[in-house]
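Notes to accompany the following structure.
Along the sequence shown, residues are numbered consecutively beginning with 1.
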Amino acid sequence: MNAAAPAATPTAARLPGLTLLAACFGFMVVQLDVTIVNLALPTLAADLASELPDLQWVMDAYTLMFAALLLSAGALSDRIGARRSFRLGLGGFLLASIACGLAAGAAPLIAARAAQGLFAALMVPSSLALLNHAFADDPPKRARALAVWTASGAVAATLGSVAGGALLQSLGWRSIFLINIPVCAIGLALAWRIAETPRRPERHIDAAGQLLAIAALAGLIAAIIELPRLGIGHPLVLAAAAVAVTGAAAFLAVEARARQPMVPLALFAPPNVSIALLSAIAVAVAYYALLFAMSLYLQQRAGYTAFQAGLAYLPLAAAFIAANLLSGRLLARRGFRVALLLGLALCAAGFAWLSRLAPGDHYAWILPAFVAIPAGMGLAMPATTTLVLASVERSLSGTAAAVLNASRQTGAALGVALCGLLLIGHGGLGAGLRTVCHVSAGVLLAAAALVWMCIPATPPAKPAGT
């Protein structure tokens, strides 16, 4: 046993506020990079002479590594201690951000973004473990701390829109990565003073499953992104597709036999879990496709500056937060099925409205969609979380939550990859955006149909949060 473990609890109990502040800084920098880099896509295309697939890789290199490593990151946090894992993630993210800011071309920027995703994956599970440990003796305070932690991500996403636009317009695209340096530095300074959690050296890392998960996801995303640029018969596209299929099959075989599998296949035995995960993926695919397409449309087609585009995104955050706050009441009164159906339908209606956008239309035409889509997300996301956690054994709740978050990140990567495919294949930004909206609405309605057919009307359930 680790000799330092018994002393950790009293120290952590004396510094719960410091632990919360450090965890918030870590989560904020993770969320900040998603929003802020989307705004920079047109600037990156011009300054780095990048094609659309290069821009997709800038987004998906981060998201792919984040999604693929989330589950192993939780096991690593348990094994080496949450504070050590958190500091490793935050310090690595700082160095990767510097590498992004100094990148001389698209290829080194993509590599640095992948490193950011890796270290972001280390931060998220460890920050939650630190909070759980620091507030272990006071469940009500722990619940409030988790709410503050979640809200810090929403605040960062909102600030990322405005601050990102201002930085891009005044200091250029490198500044959006270098701004991470002071945020990470403050987080590291705080994390240095908080206590370590008890370590569990017996916690197994499923290395084979992890490598196969990365291979399968990377192969799938690569095949989709490179298909328009190289063609369906190109050896690299075929090889990527083959890696995706064989990697996924091998992953399932390994997980079925592993002593401590990264993803226990028994988790998917309850049908509700699979439906909730598919709904979460559908929402993420549609939303991240929207962010990618609209960032390009607003600045390259509608003539917005980077700052104006950032301001245009503010209703997205406001509507999401408002709907998220209302979701608990809806879940308590009507249950999973109604909350999911309403959220998915509202999202789909927003995309259907946006699909009618024509050149020269004022922002007032875009605004209803920028309210309906995130509002639907704000209703659907807590419902998927609660449904998953209510459908599995309590001993699997941590793994189930991690699988749900990884599924959302996978959906985000797929959304960006599919968006580029649709934009390139349908006549540029105008017609392409309409196609993206039609496909997104179709995906969301298909998920709603699955919910309608497979999720029974259930008694209201206590929401588990987002």
Side-chain angles (χ1 to χ4, degrees), residues 37-38 41-42 44-45 48-68 105-111 113-114 117 212-251 278 281-297 300-301 351 355 406-444 446-447:
V37 176
N38 256 302
L41 294 175
L44 290 171
L48 299 180
S50 300
E51 299 177 354
L52 186 61
D54 298 319
L55 301 180
Q56 291 173 273
W57 276 119
V58 169
M59 295 301 302
D60 271 358
Y62 177 87
T63 312
L64 191 153
M65 292 300 290
F66 192 14
L109 177 58
I110 291 167
R113 287 281 290 163
L212 288 169
I214 293 174
L217 278 176
L220 176 61
I221 298 302
I224 297 173
I225 289 178
E226 297 299 333
L227 176 60
R229 177 157 56 181
L230 301 177
I232 195 168
H234 195 280
L236 288 178
V237 174
L238 295 175
V243 167
V245 173
T246 56
F251 175 79
L278 287 173
I281 290 172
V283 170
V285 165
Y287 183 69
Y288 283 90
L290 170 73
L291 289 182
F292 188 88
M294 287 303 296
S295 293
L296 296 173
Y297 181 88
Q300 292 185 342
R301 188 68 178 267
F351 278 102
S355 70
S407 297
R408 286 172 178 159
Q409 295 301 321
T410 300
L414 282 172
V416 172
L418 292 170
C419 179
L421 182 65
L422 296 173
L423 289 177
I424 293 174
H426 292 82
L429 280 175
L433 177 60
R434 287 191 290 275
T435 304
V436 168
C437 290
H438 289 146
V439 171
S440 296
V443 167
L444 292 162

| When you look at Leu422 and Val439, which way does the side-chain contact (heavy atoms from CB on, under 4.5 Å) test go after all the steps? | CA-CA 9 Å; Leu422 296 173; Val439 171; 3.9 Å; yes

Closest non-hydrogen atom pair between [X] and [Y], with its separation:
X: Ala45; Y: Gln300; result: CB-NE2, 4.4 Å
X: Leu217; Y: Ala68; result: CD1-CB, 4.0 Å
X: Ala67; Y: Ala406; result: O-CB, 3.6 Å
X: Ala293; Y: Leu433; result: CB-CD1, 3.8 Å
X: Tyr287; Y: Phe351; result: N-CZ, 4.3 Å
X: Ser50; Y: Leu55; result: CB-CD2, 4.2 Å

Quick one: does [X]'s side chain get under 4.5 Å of [Y]'s, heavy atoms only?
X: Ile281; Y: Thr410; value: no
X: Leu48; Y: Asp54; value: no
X: Phe292; Y: Leu52; value: yes
X: Leu414; Y: Leu220; value: yes
X: Ser440; Y: Val285; value: no
X: Val436; Y: Leu290; value: no

Result block: side-chain N/O donor-acceptor pairs under 3.5 angstrom for residues 58-66, not counting sequence neighbours:
unit_1: Tyr62; atom_1: OH; unit_2: Val30; atom_2: O; d: 3.0
unit_1: Thr63; atom_1: OG1; unit_2: Met59; atom_2: O; d: 3.1

| Backbone N or O of Asn38 within a donor-acceptor pair of the Ser295 side chain at under 3.5 Å? |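 Side chain of Ser295 to backbone of Asn38: a pair is present.
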
| According to the side chain to side chain donor-acceptor pair (under 3.5 Å) rule, which pairs have a member within residues 214-228, sequence neighbours left out? |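 Of all non-adjacent pairs touching residues 214-228, those that pass side chain to side chain donor-acceptor pair (under 3.5 Å) are Trp57-Glu226, Glu226-Arg229.
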
Listing, residues 231-239 side-chain donor-acceptor contacts under 3.5 Å, not counting sequence neighbours, or none:
unit_1: His234; atom_1: ND1; unit_2: Leu236; atom_2: N; d: 3.0

| Met294 CE to Cys437 SG distance, which is reported to the nearest 0.5 Å |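 The distance works out to 8.0 Å.
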
